[in-house]
Every structure is written in C-alpha cells, then in structure tokens.
Amino acid sequence: MTTAQPLDVQPTPLALLLLGRESDPRSERGVECPGDLPAASDPDLVERARAAKAKLGDKVFVLGHHYQRDEVIEFADVTGDSFKLARDAAARPDAEYIVFCGVHFMAESADILTGDDQQVVLPDLAAGCSMADMATAEQVAECWDVLTEAGIAEVTVPVSYMNSSADIKAFTGEHGGTICTSSNAERALTWAFEQGEKVLFLPDQHLGRNTAVRDMGMSLEDCVVYNPHRPNGGLTAEELRAAKMILWRGHCSVHGRFSLDSVNDVRERIPGVNVLVHPECKHEVVAAADYVGSTEYIIKTLEAAPAGSKWAIGTELNLVRRLANRFASEGKEIVFLDKTVCFCSTMNRIDLPHLVWALESLAEGKLVNRIQVDPEVARYSKLALERMLALP
C-alpha cells in the first residue's frame with residue numbers, strides 16, 4: 001500500500017484575503033492589525049483607553065457609530081449614523097486624528113470630507129461592510145456598459161447609498177449622480193428623476209425598492225434587480241428599458257434577516273406592540289411594519305413614545321439593547337424584532353482592545369491603520385456627496 005503524499009497547496013490570494021492576511025485596495029476587507037493587541041481579558045483596558053485619550057487631548061476626535069458595542073461608545077466624543085459622523089469629523093478641523101469606530105466605507109467618507117492635514121484611523125482594518133462589498137468598481141462599470149448597449153445609459157442617473165465604497169461614490173459622481181442616506185433617499189430619488197428617466201440604485205436593493213414603492217408610489221413592476229453575477233445582470237434589454245428603478249442585487253446582512261414571520265410572531269407574543277423597522281429590511285417586512293425609518297428616526301421615535309408603550313425594533317442588536325436599557329425607567333418595553341440574536345459582525349470587530357491599541361499607538365506618535373482615499377477617487381466622491389448636501 002502506498003502512502004499518500006501531502007499536497008503542496010499554496011494559499012490563493014482570495015483565501016489570504018478572507019483570512020485577513022492580505023489586502024485588496026478595491027475591497028472593503030483589510031488586513032490584520034500590525035503589532036500586539038491587548039488581551040480582551042485585560043482588566044485595565046478601560047483605564048488604558050482613558051489614559052491614552054487624555055494624553056492625546058484635542059489632537060484626537062473619536063466617532064462612534066450607533067451599532068458599536070457599549071464599551072466602545074463609552075469613549076466616543078460623538079455618536080450617530082455614518083454620514084452624521086463624517087460631517088462631525090469635518091466640523092473639527094483642529095483634530096489631527098479622527099478615530100472612526102465604524103466600518104471601512106464610513107472612514108473613507110470621513111477622509112473625503114476632512115482636511116488634508118487630518119488623518120482618519122480605523123481601529124481594525126478588517127471592519128468592512130458586506131453590503132458595500134456587494135458592488136465593486138469593475139462590476140458597476142460592466143453594468144453601465146450593459147445599460148449603454150440597451151440604449152438607456154444616457155437617461156439613467158446613478159444614486160448610491162452612503163453604505164458604499166469610495167470607488168462606487170466616485171462612479172456616481174463622475175456619471176452625474178448623487179449619494180443618499182436612509183433618511184433622504186426619497187429626496188435623492190426625486191432629484192434624480194428630475195435629471196433623467198431612470199435610476200440605477202446602488203448597492204442596497206431593499207432601500208431603493210422601499211423608497212420607490214412605499215414612499216413614491218411606484219409599483220413593484222417598475223423595479224428590476226440587476227445581478228452582477230449573471231450575464232447582462234440577468235435582464236433583457238427590454239426589461240431594462242421598461243424599468244424605472246434598476247436595483248443592484250445587494251443587501252444588509254443584518255436587516256435582511258428580518259422576515260414577515262418575525263413581524264407576525266412578535267405581534268402574537270406581545271399584544272399591542274408597535275413594529276418599527278429600518279428601510280434596509282425586505283419590502284414585505286416594511287409593508288407589515290407600523291413605522292419605518294433611519295437609525296436616527298428610530299431613536300427619535302422611541303424618545304417621543306409614551307411611557308408604557310411596547311416596541312419591536314428591526315435593526316442592529318447593539319442599538320436595540322442600548323435603547324431598551326435607556327428607556328426602561330420610562331416603562332417602555334423594547335425588544336429585538338427577531339428571536340435570533342444578530343449583531344453586525346463587521347461592526348463588532350471594533351472592540352475595546354483594538355480601540356486601546358489605536359489610541360495608545362497614536363499617543364506614542366505612531367500612526368496606524370490610516371484610511372486614505374485616492375485623490376482622484378476622492379474628487380469624484382466628494383462631487384456626489386456635495387450634490388446630496390445641495391438637495392432641497
């Protein structure tokens with residue numbers, strides 16, 4: 001009997017990328033942090049974070065996205081959604097370092113909107129966004145070729161969600177389009193239809209569909225989904241010509257988990273409950289909810305809710321849990337919409353050890369994990385962002 005010889009298998013670039021050992025400049029994924037992270041069990045982490053932040057003083061400005069862990073939010077100078085935080089960073093030109101506790105595309109937006117002398121740091125470069133990863137520059141360029149061949153590119157306006165890479169924002173700016181957030185998507189689409197006949201909506205199909213159908217009165221038949229993994233997006237030229245909304249086949253891995261069954265189940269378990277969901281949820285979930293809106297809308301709705309009211313929230317669990325604790329003293333019952341616990345896995349890569357490592361490195365004069373957008377990409381991205389800021 002012969003003995004099997006071990007195979008000389010070399011890891012592929014994709015395997016290394018997924019393992020976090022290599023980087024792709026056109027991807028949201030990054031590399032592992034250089035240097036040694038403090039142990040997660042270190043009982044002195046909180047004090048170390050406080051000491052490093054105090055040593056840096058006004059030189060550092062820490063941004064915390066709503067979906068971050070409580071242990072990270074504790075050290076944020078401001079909290080908010082992605083675009084609010086990027087604008088907050090731009091409003092602090094005196095801060096040498098912007099430490100963005102969020103994900104990669106958010107830090108990119110902060111780099112685009114801040115001054116050349118400011119340096120944006122992401123505590124863990126592997127904190128990407130699965131939705132943003134679903135649309136690459138090459139795929140979107142190929143899609144535009146398909147629209148050109150169908151004879152509709154010249155009447156199509158790209159609208160890209162903030163949750164997209166700088167490359168996609170740059171494509172949008174270069175092709176006459178605008179960026180939108182979950183709170184101003186309707187205004188952005190209204191503007192886009194004043195410029196052209198059709199919209200290419202990137203990269204979240206659910207936000208695009210919900211805004212078009214729920215808020216603007218279009219029909220589901222007005223929407224088609226472009227799948228970048230199929231020839232011609234899986235659509236015929238006739239289907240593209242007939243559509244008003246060409247939706248990219250992308251979604252949020254957190255909000256996409258909620259289902260109509262989740263809504264029905266929580267209504268059975270909690271009589272009188274109000275269902276409040278983010279517009280990144282599927283269309284059938286949004287249609288069955290009582291309230292729909294952005295992260296900031298969710299927070300404000302709960303702030304204004306009467307004492308004793310009951311709420312099931314369809315968004316990221318860190319935020320839901322924080323809101324439940326915040327309003328418990330007012331007798332407001334706030335639960336997660338789904339029975340399955342679901343954090344944003346990439347957002348949760350930013351933990352206290354990574355934040356401590358980043359702050360201590362900066363305090364020692366070592367710049368780490370800087371996010372720097374290519375100047376040409378930044379120029380067109382900023383153009384798209386400025387169009388959004390100019391929306392009526």
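- By the 4.5 Å heavy-atom criterion applied to side chains, V356 and F75 are not counted as neighbours.
- N227 places no side-chain N or O within 3.5 Å of a backbone atom of G233 that could act as its donor or acceptor partner.
- For the pair K169 and E108, the minimum side-chain heavy-atom distance is 4.5 Å or more.
- Between H255 and F258, the ring planes lie tilted relative to each other; the angle falls in the 30° to 60° range.
- Atoms CD and NE2, from Q68 and H65 in turn, are 8.5 Å apart once rounded to the nearest 0.5 Å.
- Note that OH of Y161 and SG of C252 are 8.0 Å apart. Values are rounded to the nearest 0.5 Å.
- Counting non-hydrogen atoms of other residues, nucleotides and ligands closer than 6.0 Å to CD of E194 gives a total above 12.
- A salt bridge links E74 to R50: one of the charged nitrogens lies within less than 4.0 Å of a carboxylate oxygen.
- Environment of CG in D58: sparse, with no more than 12 heavy atoms of neighbouring residues, nucleotides or ligands closer than 6.0 Å.
- Between Y67 and T295 the shortest side-chain heavy-atom distance falls below 4.5 Å.
- You'll find the side chain of V140 reaches within 4.5 Å of the side chain of L202, heavy atoms only.
- No donor-acceptor pair under 3.5 Å is formed between the side chain of E47 and the backbone N or O of D44.
- Here the CG-CG distance, from D215 to L189, works out to 9.0 Å after rounding to the nearest 0.5 Å.
- Residues E316 and M347 are not in side-chain contact: their nearest non-hydrogen atoms beyond the backbone lie 4.5 Å or more apart.
- A donor-acceptor pair is defined here as one N or O able to donate and one able to accept, closer than 3.5 Å; no such pair exists between the side chain of K55 and the backbone of L359.
- No side-chain heavy atom of R92 sits less than 4.5 Å from a side-chain heavy atom of T114.
- For the 3.5 Å distance criterion, the side chains of H66 and T79 fail to qualify, holding no donor opposite an acceptor.
- Between Q205 and M245, every side-chain heavy-atom pair lies at or beyond the 4.5 Å cut-off.
- Atom CG of D116 has 12 or fewer heavy atoms from other residues, nucleotides or ligands within 6.0 Å.
- Expressed to the nearest 0.5 Å, how far CD1 of I371 lies from CD1 of I112 amounts to 11.5 Å.
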- [ ] Determine, stepwise, if the pair E303 / R326 fulfils salt bridge (charged side-chain N to carboxylate O under 4.0 Å, His left out).
- [x] CA-CA 10 Å; E303 287 174 342; R326 175 183 170 185; 2.7 Å; yes
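- Judged by distance alone, the side chains of D222 and S219 do bring a donor and an acceptor atom under 3.5 Å apart.
- Note on R349 versus D351: no salt bridge recorded, every NZ/NE/NH1/NH2 to OD/OE distance being 4.0 Å or above.
- Environment of CZ in R249: sparse, with no more than 12 heavy atoms of neighbouring residues, nucleotides or ligands closer than 6.0 Å.
- Ring geometry for W311 versus Y291: interplanar angle of 30 to 60°, hence tilted.
- Using a 4.0 Å cut-off between a side-chain N of Lys or Arg and a carboxylate O of Asp or Glu, E330 and K332 qualify as a salt bridge.
- Comment: D261 does not engage K339 in a salt bridge, judged by the lack of any side-chain N to carboxylate O separation of less than 4.0 angstrom.
- The side-chain heavy atoms of L200 and W144, taken from C-beta on, include a pair separated by under 4.5 Å.
- For K244, the NZ atom is loosely surrounded, since the number of other residues' heavy atoms within 6.0 Å does not exceed 12.
- A donor-acceptor pair under 3.5 Å is absent between the side-chain atoms of D204 and the main chain of M131, judged by distance alone.
- A distance of 7.0 Å separates CZ of F171 from SG of C143, quoted to the nearest 0.5 Å.
- At most 12 heavy atoms of other shown residues, nucleotides or ligands fall within 6.0 angstrom of atom CD in E142.
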